[in-house]
Amino acid sequence: MSSVENIDPAAIEGAARALEAGALVAFPTETVYGLGADAENPAAVSAIYAAKGRPQDHPVIVHLAPEADIAHWACEIPPEAHALAEAFWPGPLTMILKRAPNIPDAVSGGQDTVGLRCPSHPVAIALLRAFKGGQGGVAAPSANKFGHVSPTTAQHVRDEFGADGSVALVLDGGASQVGIESTIVDLSRLATHGPVLLRPGHVSAEAIAAVIDQVPGAPDAQCDPTAPRASGTLESHYAPHTPVAMQDTATLAQTLARMLEAGRKVALIHYSDLPAAHAAERLPATPAGFAHALYAALRAMDGKGADLILVESPPQDGAWLGVNDRLRRAAHGSTGIVHGLLNRDASGM
Ligand code: TXA
Ligand code: MG
């Protein structure tokens, strides 16, 4: 993570003025890079959707400075929201609350809620303080094309949008420390549904429960049409272009040998000792270390011209929930891919 000393005040001011003028600015956060626009300028928010190729009915998170007044953005704010903000902001937690009537519905895809987060990256904080004198909100999804892997460096953002001219500028704050998107907890239906964990992340359900004395429940979007919709909860998301499969260590070692025999190119993401592959990234065997490096590894392995990205399944325990959630979505739709690759002739079509 970049230090405060590294922040270039002229770059921050330039980015804040660009946002105020309605342009899109990509900026670092501690989770992933965001593609920002003035949350109170519907045309600017709609430019985010166009740049990402994202459906208009998907809500975006509004990023706030540490001093911002959440009552400007949300209404019927429960005491639990204040307690969670006190405990985890600035940091990788997004809260879904009832949207204040004055906030344009462009940020929430027409839903009556709003997602709020105060990021901890010093460049993000400096930008949020410079933008509209610290009183504005920056709507920002992850700075990637819809459904693709989220960016954790400025170069990843340039790789996503460099050619199309839709992004006015990219602030560089180094590699995002957390590496996967913020935890999202829905508090908008607290009285009837309790807190709901819409997306697992670095702030765990246990950590949330320790603050508000209630364990967040699992999303019920399938059976409740009034539940908030979150695109990060789509079955296929965070996906590279190369198919991804996850296997436990023993199965993976066998698959690797058979793929080699069949003339297939495998790019490997792993944390144990394993035989060499066409390409490989070995990640730390800890949830935080693995999460930090995961998206850069998926992008790097996606660039190796492999037939398959094979990922060594992390343990299934709670500390790995966020990582497993992202891997499952990256691998969605690749069922049968290993079988298919082993049963077709590598040299032919
Ligand atoms: O870590 C993060 O949260 C990053 C950084 C840039 O802050 N942002 C991010 O944004 O991941 P995005 O748009 O890629 O994912 C935000 C998720 C989406 O699944 C969206 O549907 C959900 O948050 N979301 C935002 N506002 C919501 C709302 N009002 N109700 C339900 N879900 C909401
Ligand atoms: Mg995203």
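Hydrogens, waters and symmetry mates play no part in the numbers below; they use all other heavy atoms, side chains included. Start at 1 and go down the list; that is how both ligands and their atoms are numbered.
- Numbered from 1 in the order shown, with element, the atoms of ligand 1 that lie under 4.0 Å from a heavy atom of H63 read 5 (C), 6 (C), 7 (O).
- Between E160 and R299 there is a salt bridge, with a side-chain nitrogen of the basic residue lying less than 4.0 Å from a carboxylate oxygen of the acidic one.
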**Study point:** Derivation of the side chain to side chain donor-acceptor pair (under 3.5 Å) call for S182 and T94
**Key:** CA-CA 6 Å; S182 60; T94 297; 2.8 Å; yes
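- Interface atoms of ligand 1 facing T113, defined by a heavy-atom separation under 4.0 Å, are 28 (C), 29 (N), 30 (N).
- For T29 and R117, the side-chain atoms include at least one donor-acceptor pair closer than 3.5 Å.
- In the vicinity of S182, heavy-atom distances shorter than 4.0 Å reach the ligand 1 atoms 1 (O), 2 (C), 3 (O).
- At least one N or O atom of S142, backbone or side chain, sits closer than 3.5 Å to an N or O atom of ligand 1.
- For the side-chain hydrogen bond (donor to acceptor under 3.5 Å, both in side chains) test, residues two or more places apart in sequence or in another chain that qualify with D273 are R282.
- Contact analysis puts R117 in contact with ligand 1, with a non-hydrogen atom separation below 4.0 angstrom.
- Scanning for salt bridge (charged side-chain N to carboxylate O under 4.0 Å, His left out) contacts around K132 gives D38, E40, with sequence neighbours left out.
- Against a heavy-atom cut-off of under 4.0 Å, G34 is close to the following atoms of ligand 1: 6 (C).
- Looking at every heavy atom in both residues, A106 comes nearest to V45 through O-CG1, 3.8 Å.
- In terms of N/O distances under 3.5 Å, ligand 1 is not approached by H58.
- Applying the 4.0 Å criterion to heavy atoms of V60 picks out, from ligand 1, the atoms 25 (C), 26 (N).
- For ligand 1, the atoms closer than 4.0 angstrom to any heavy atom of I184 are 17 (C), 22 (C), 23 (O).
- M259 contributes atom CE, which lies 14.0 Å from atom NZ of K265 (distance to the nearest 0.5 angstrom).
- For N144, every N, O or S atom stays at 2.8 Å or more from the Mg ion (ligand 2).
- Ligand 1 places these atoms under 4.0 Å from at least one heavy atom of V114: 29 (N).
- Neither the backbone nor the side chain of H121 has a heavy atom within less than 4.0 Å of ligand 1.
- If you look at T31 next to ligand 1, the close heavy atoms, those under 4.0 Å, all belong to the side chain.
- Just one residue in the list L268, I337, V244 forms a side-chain contact (heavy atoms from CB on, under 4.5 Å) with L308, and that residue is I337.
- Closest to atom 15 (O) of ligand 1 by heavy atom, among R199, Q111, E181, K52, is R199.
- Separation of atoms CG (L64) and CH2 (W89) is listed at 5.5 Å; rounding is to 0.5 Å.
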